[in-house]
There are 2 protein chains.
Amino acid sequence: MSAETTTRSGSRPRKRINDPEGMRKKVLDVAEESFQTRGYHASSLGDLMAAARVSGGALHHHFPTKKALALAVIDERVAAAVEETWIAPVLAAASAREGVRSVFEAVAAELERQGYVRGCPLNNLAHELSLADPDFRVALAGIFAAWRQAIAGKVMADQRGGREQGTDPLRFAALAIATYSGAMSMAKTAQDATVLRDCLAALPIATRPMA
Amino acid sequence: MSAETTTRSGSRPRKRINDPEGMRKKVLDVAEESFQTRGYHASSLGDLMAAARVSGGALHHHFPTKKALALAVIDERVAAAVEETWIAPVLAAASAREGVRSVFEAVAAELERQGYVRGCPLNNLAHELSLADPDFRVALAGIFAAWRQAIAGKVMADQRGGREQGTDPLRFAALAIATYSGAMSMAKTAQDATVLRDCLAALPIATRPMA
DNA sequence: GACAAAACAGGACAACCGGTCTGTTTATAA
DNA sequence: TTATAAACAGACCGGTTGTCCTGTTTTGTC
């Protein structure tokens with residue numbers, strides 16, 4: 001993952017040399033923000049350099065190409081966002097159904113608080129980059145797969161507890177992710193998070209008892 | 001809609017002058033294809049001109065700006081695609097549930113036949129352009145709204161026939177569209193249409209009786 | 001302190017972008 | 001026929017793009 005920070009000694013990890021405030025992190029922050037709001041192709045490296053207050057040399061040092069920067073955003077930021085807003089809450093919930101329901105409500109509440117909808121970080125990049133480059137596609141597909149597998153695993157844990165006997169874990173996970181992704185897409189286009197609650201209400205997750 | 005084809009006489013529509021084989025249509029074909037597969041920002045006008053075998057003057061004559069071209073693609077092609085693959089089949093079906101189910105299966109079968117997944121035309125452009133420009137966003141949101149309204153209207157028609165009494169039409173429509181959109185997003189990223197069938201199976205649409 | 005390598009700085013560059021401009025052909029209206 | 005405007009053709013331009021390249025500074029190691 002962090003091949004560029006290894007030195008010739010190879011074994012022990014390097015202490016931070018320059019970059020006391022995290023220059024690479026600053027670039028990654030700005031890139032993540034811009035890729036999400038403006039998109040990958042619409043974000044120029046000049047804009048990113050200006051926003052992050054970094055020189056071209058510094059940017060090129062940490063990320064040799066624009067593609068490498070996007071790959072880093074996907075691997076380090078988008079995956080973390082899915083983990084934080086979806087996987088961890090679902091695994092921590094009382095059940096898979098309850099976990100999915102609570103995430104829908106939490107995201108809807110957060111969007112209503114923010115007042116605008118930026119969309120799902122994974123889906124935003126997936127739509128623009130999946131067909132653009134195989135490396136992008138593989139990286140994004142891996143996040144989708146991990147997301148789905150985490151939810152399915154939770155369902156299987158429920159089943160070991162005697163619940164969800166009639167549920168197909170992977171299909172349940174696919175439905176949860178697809179509905180969420182699509183609802184976020186509609187919410188982003190309409191700039192209105194209400195559709196998230198509409199979908200949750202129409203889903204059998206909230207209405208049907210957990211048994 | 002067709003303001004550029006009106007002449008000073010104003011009243012009666014003009015017969016086609018040049019453009020016997022539809023030069024404007026040819027540009028629109030190429031633009032639709034490229035915007036869908038490569039995206040809006042990744043499609044240069046030079047590429048489109050070369051692919052459509054059209055001069056820069058001709059392109060600029062029909063579409064003064066790149067934005068105008070995209071707006072035309074959205075209004076004339078994306079809306080038509082939603083109408084053709086979704087609205088018309090659902091309205092023609094025996095019921096809203098049956099219509100939704102049949103569209104899922106038809107699209108899944110078509111994707112499996114094609115061997116690759118290009119994604120939902122509406123969602124592809126919605127993700128890239130919704131936040132880029134208000135005009136884009138409004139145009140795309142209108143298509144989403146019409147899509148949703150058509151399905152909801154079918155549910156209401158079912159209800160007038162005594163069916164679907166416990167169903168909220170707009171919520172049902174939102175769920176159908178969101179699940180489809182999200183499933184297409186996952187299918188595009190994975191380049192595998194199987195998830196469409198997984199979502200359909202997990203949805204209560206197919207399993208629950210229509211009453 | 002000497003040395004090497006990493007971490008930057010900043011300019012240069014060729015390619016390309018979208019849009020404009022002028023000119024020519026073609027079709028309609030009078 | 002003649003006037004007029006639409007329908008094209010194709011060159012052109014300023015600005016921007018991503019990348020590369022040459023230095024300079026900083027850091028770690030011996």
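Here is the naming used below: chain letters follow the sequence lines, and residue numbers restart at 1 for every chain.
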query: Donor-acceptor pair, K26(B) side chain versus R53(B) backbone, under 3.5 Å?
result: no
message: Tell me whether T189(B) contacts the main-chain N or O of A126(A) through its side chain, where contact means a donor paired with an acceptor under 3.5 Å.
response: no
statement: Secondary structure of DNA chain C per the Watson-Crick/G-U criterion (both distances under 3.5 Å; [ ] crossing, | other strand, . unpaired) is ||||||||||||||||||||||||||||||
Verdict with reasoning, H127(B) to H127(A), per ring-ring contact (aromatic ring centres under 6.0 Å, His included): CA-CA 7 Å; H127(B) 269 93; H127(A) 270 94; 3.9 Å; yes
query: Atom CZ of R53(A) to atom C1' of dC8(C): distance rounded to whole Å?
result: 17 Å
Length of the line joining L48(A):CG and dT19(D):C1', which is rounded to integer Å: 14 Å
task: Ignoring backbone atoms, establish whether H62(B) has a side-chain N or O less than 4.0 Å from OP1 or OP2 of dA6(D).
output: no
- prompt: Which pairs, with at least one residue in residues 136-153 of chain B and sequence neighbours excluded, count as a side chain to side chain donor-acceptor pair (under 3.5 Å)?
  reply: D198(A)-R148(B)
Can you tabulate the close N/O pairs, meaning under 3.5 Å, that link protein atoms to atoms of nucleotides 12-17 of chain C?
unit_1	atom_1	unit_2	atom_2	d
dC17(C)	OP1	S44(B)	OG	3.2

- request: Using atom types as modelled and distance alone, determine if a side-chain donor or acceptor of S34(B) lies under 3.5 Å from a backbone N or O of V30(B).
  value: no
message: Tell me whether K66(A) contacts the main-chain N or O of Y40(A) through its side chain, where contact means a donor paired with an acceptor under 3.5 Å.
response: yes
query: Donor-acceptor pair, Q36(B) side chain versus P121(B) backbone, under 3.5 Å?
result: yes
task: Calculate the interatomic distance between H61(B) atom NE2 and dG23(C) atom P; express it in whole Å.
output: 19 Å
Short N/O separations, protein against nucleotides 20-22 of chain C, under 3.5 angstrom:
none

- prompt: Residues in salt bridge (Lys or Arg N to Asp or Glu O under 4.0 Å) with D135(B), at least two apart?
  reply: K67(B)
query: Just how far, in rounded Å, is P of dG18(D) from CZ of F63(A)?
result: 15 Å
- request: Tell me, yes or no, whether the heavy-atom count around Q114(B) atom CD, taken from other residues, nucleotides or ligands under 6.0 Å, exceeds 12.
  value: yes
- prompt: Taking atom P of dA7(C) as reference, at what distance in whole Å does atom NZ of K25(A) sit?
  reply: 18 Å
message: When you measure from the side chain of K154(A) to the backbone of L91(A), do you find a donor-acceptor pair of N or O atoms at a distance under 3.5 Å?
response: yes
Could you list the donor-acceptor pairs under 3.5 angstrom formed by side chains in residues 172-184 of chain A, with sequence neighbours left out?
unit_1	atom_1	unit_2	atom_2	d
T179(A)	OG1	L175(A)	O	2.7
T179(A)	OG1	T179(B)	OG1	3.1
S181(A)	OG	N123(A)	ND2	2.9
S181(A)	OG	I177(A)	O	2.8

